Amino acid sequence: MTRLSVEKLAADTAEPITSAGHAQLGIAVLAGIAVIVLLITKFKLHAFLSLTLGTLVLGAVAGAPLDKAITSFTTGLGSTVAGVGVLIALGAILGKMLADSGGADQIVDTILAKAGGRAMPWAMVLIASVIGLPLFFEVGVVLLIPVVLMVARRGNYSLMRIGIPALAGLSVMHGLVPPHPGPLVAIDAVGANLGVTLALGVLIAIPTVIVAGPLFSKVAARWVDVPAPDRMIPQRASEELKNRPGFGATLATILLPVVLMLSKALVDIVVDDPKTTTQRIFDVVGSPLIALLAAVLVGIFTLLRPAGFGKERVSPLVEKGLAPIAGILLIVGAGGGFKQTLIDTGVGQMILDISEDWNIPALLLAWLIAVAIRLATGSATVATVSAAGLVAPLAADMSTTHAALLVLAIGAGSLFFSHVNDAGFWLVKEYFGLNVGQTIKTWSVMETIISVVAGGLVLLLSLII
């Protein structure tokens with residue numbers, strides 16, 4: 001990066017609140033992250049409180065006045081929630097509509113009716129990938145677990161042969177494809193184009209999920225051969241419904257925001273003239289807010305009405321969909337505050353200088369930082385928001401495609417080797433009836449494969465485009 005671009009970056013960001021040297025800033029970053037890790041892992045403190053306290057420690061060690069550090073934190077929190085909070089909320093509502101209407105079950109049952117034998121693992125990864133587009137990972141796991149267990153039990157399949165593809169599909173969507181919170185936060189922090197990131201994310205996700213899902217499941221089934229536990233087969237939502245939405249209508253509703261956002265990205269590339277009516281229209285309808293809002297409104301008629309939901313049930317459903325994401329919004333916002341404090345204390349500039357001295361490719365550096373934070377905290381979201389704040393200055397001179405690849409490198413790194421400090425680890429362990437060793441040999445290895453394959457594909461694409 002040239003000196004001119006560094007000076008421009010400094011002018012574009014908030015005035016640094018400390019002039020500490022690289023050594024002090026490095027210690028400040030390590031101290032802040034160490035506090036976050038310690039509070040999350042040792043004291044089991046909520047990630048929102050841990051990020052808040054870690055940010056204050058970062059500012060104090062960096063030599064920033066406390067009032068300035070607080071201002072940086074609250075500014076970053078507010079801008080992050082304003083940028084992605086509404087999108088996360090709309091995604092949660094759409095996911096709740098999909099689950100409660102029986103639309104998710106309709107997709108699952110339709111695809112399973114067409115698949116059998118050796119095609120079943122591929123059917124499971126397809127189901128999980130489609131369902132995983134609008135759903136948070138934990139919600140997707142809870143939704144698909146009954147299907148995974150019933151298919152394994154009734155079809156006499158190995159649990160890992162069916163379960164690993166489903167988990168891979170959900171995990172890849174969660175880490176690489178917006179509108180999931182992690183990718184959205186990274187896009188906002190880096191200033192990447194959402195449509196381009198979505199397109200490249202899907203492109204990378206397809207081979208990644210094939211390797212980590214159906215292919216790895218063959219190995220996982222040999223390593224861990226366990227039956228599906230009967231006690232973990234809960235009732236499916238649609239069993240209480242007289243009617244369910246149709247397969248075509250449900251699939252169209254899920255894919256609507258994806259199509260709108262990709263259409264905007266395509267028009268931006270082809271037309272490339274913001275003054276034309278066509279591009280202005282697609283800039284509106286393809287914006288994440290309008291795309292997700294359109295899907296939610298369409299879902300009222302394509303998902304809820306066919307399932308027999310009257311207008312009096314729509315508002316309570318929305319409230320139930322929003323309630324679980326309060327914690328996620330606070331974590332994401334606190335991550336934005338942490339990021340802004342990193343920038344205002346001059347850590348961003350330090351990362352620029354170090355990356356020049358080390359001669360490490362920016363994409364590889366982003367992946368490594370996300371890996372380190374993921375291993376320490378166990379949270380893919382915390383890893384994403386923290387790494388995005390650290391490497392955001394590296395995107396200053398990047399092209400649109402490389403800025404998108406920087407986001408995907410962060411997302412790939414955030415999925416590396418889930419272990420005992422990750423809530424997802426215990427969720428999979430309990431649902432599948434595994435012990436800790438079996439969970440590491442299956443779930444943890446699968447997550448590592450996703451991270452390495454996706455990270456490698458990001459680096460490969462950076463050489464091509």
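Just so you know, residue 1 is the first one in the sequence shown, and it goes up from there. These numbers come from a predicted model, not from an experiment.
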Are the side chains of [X] and [Y] in touch, meaning some heavy atoms are under 4.5 Å apart?
X      : Y      : result
Ile440 : Phe425 : yes
Asp109 : Phe247 : no
Phe432 : Val148 : yes
Phe43  : Leu49  : no
Leu45  : Leu53  : yes
Glu447 : Ile450 : yes
Ser217 : Arg161 : yes
Ile204 : Leu405 : yes

[X] [atom1] to [Y] [atom2] distance, which is reported to the nearest 0.5 Å:
X      : Y      : atom1 : atom2 : answer
Gln106 : Leu98  : CD    : CG    : 11.0 Å
Leu408 : Ser462 : CG    : OG    : 11.5 Å
Leu406 : Thr401 : CG    : OG1   : 11.5 Å
Ser451 : Met446 : OG    : CE    : 11.0 Å
Ile410 : Leu176 : CD1   : CG    : 11.5 Å
Asp105 : Ile127 : CG    : CD1   : 10.5 Å

Nearest non-hydrogen partners of [X] and [Y], listed with the distance:
X      : Y      : value
Val224 : Lys441 : CG2-CE, 4.2 Å
Ala69  : Thr341 : O-OG1, 4.1 Å
Pro165 : Ala128 : O-CB, 4.4 Å
Ala205 : Met173 : CB-CE, 4.0 Å
Val226 : Met160 : CG2-CE, 4.5 Å
Ala62  : Leu25  : CB-CD2, 4.0 Å

Output every pair passing ring-ring contact (aromatic ring centres under 6.0 Å, His included) with a member in [range], not counting sequence neighbours, ordered by first then second residue.
range            : result
residues 362-412 : Trp367-Phe416
residues 434-465 : Phe137-Trp443
residues 96-124  : none

By side chain to side chain donor-acceptor pair (under 3.5 Å), which residues pair with [X], not counting sequence neighbours?
X      : answer
Thr253 : Thr302
Thr400 : none
Ser50  : none
Thr208 : none

May I have the list of side-chain donor-acceptor pairs in residues 325-338 shorter than 3.5 Å, sequence neighbours left out?
none

- Set of residues satisfying side-chain contact (heavy atoms from CB on, under 4.5 Å) with respect to Ile449, sequence neighbours excluded: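 Residues passing side-chain contact (heavy atoms from CB on, under 4.5 Å) with Ile449: Val211, Ala212, Phe216, Val445, Val453.
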
Under 3.5 Å, side chain of [X] to main-chain N/O of [Y], donor-acceptor pair present?
X      : Y      : value
Ser101 : Met97  : yes
Ser444 : Ser418 : yes
Thr345 : Leu342 : yes

- Message: Quick one, Ile369 with Ile373, criterion side-chain contact (heavy atoms from CB on, under 4.5 Å). Give me CA distance, side-chain angles, the key distance, then yes/no.
- Response: CA-CA 6 Å; Ile369 291 174; Ile373 300 174; 3.9 Å; yes

List, one per line, each side-chain donor-acceptor pair under 3.5 Å for residues 384-391, sequence neighbours excluded.
from   : atom 1 : to     : atom 2 : distance (Å)
Thr384 : OG1    : Ala380 : O      : 2.8
Thr384 : OG1    : Ser414 : OG     : 3.3
Ser386 : OG     : Val382 : O      : 2.8

Name each donor-acceptor pair under 3.5 Å that joins a side chain in residues 182-203 to protein atoms two or more places apart or in another chain, with its distance.
from   : atom 1 : to     : atom 2 : distance (Å)
Asn193 : OD1    : Gly195 : N      : 2.9
Asn193 : OD1    : Val196 : N      : 2.9
Thr197 : OG1    : Asn193 : O      : 2.7

- Message: Let's go through Trp223 and Thr442 carefully: what are the C-alpha distance in whole Å and the side-chain angles of both, what is the deciding distance for side-chain contact (heavy atoms from CB on, under 4.5 Å) to 0.1 Å, and is it a yes or a no?
- Response: CA-CA 8 Å; Trp223 286 351; Thr442 54; 5.6 Å; no

Listed pairs under 3.5 Å, donor-acceptor, residues 73-94 side chains, sequence neighbours left out:
from  : atom 1 : to    : atom 2 : distance (Å)
Thr74 : OG1    : Ile70 : O      : 3.0
Thr74 : OG1    : Thr71 : O      : 3.1
Thr75 : OG1    : Thr71 : O      : 2.7
Ser79 : OG     : Thr75 : O      : 3.2
Ser79 : OG     : Gly76 : O      : 3.1
Thr80 : OG1    : Gly76 : O      : 2.8

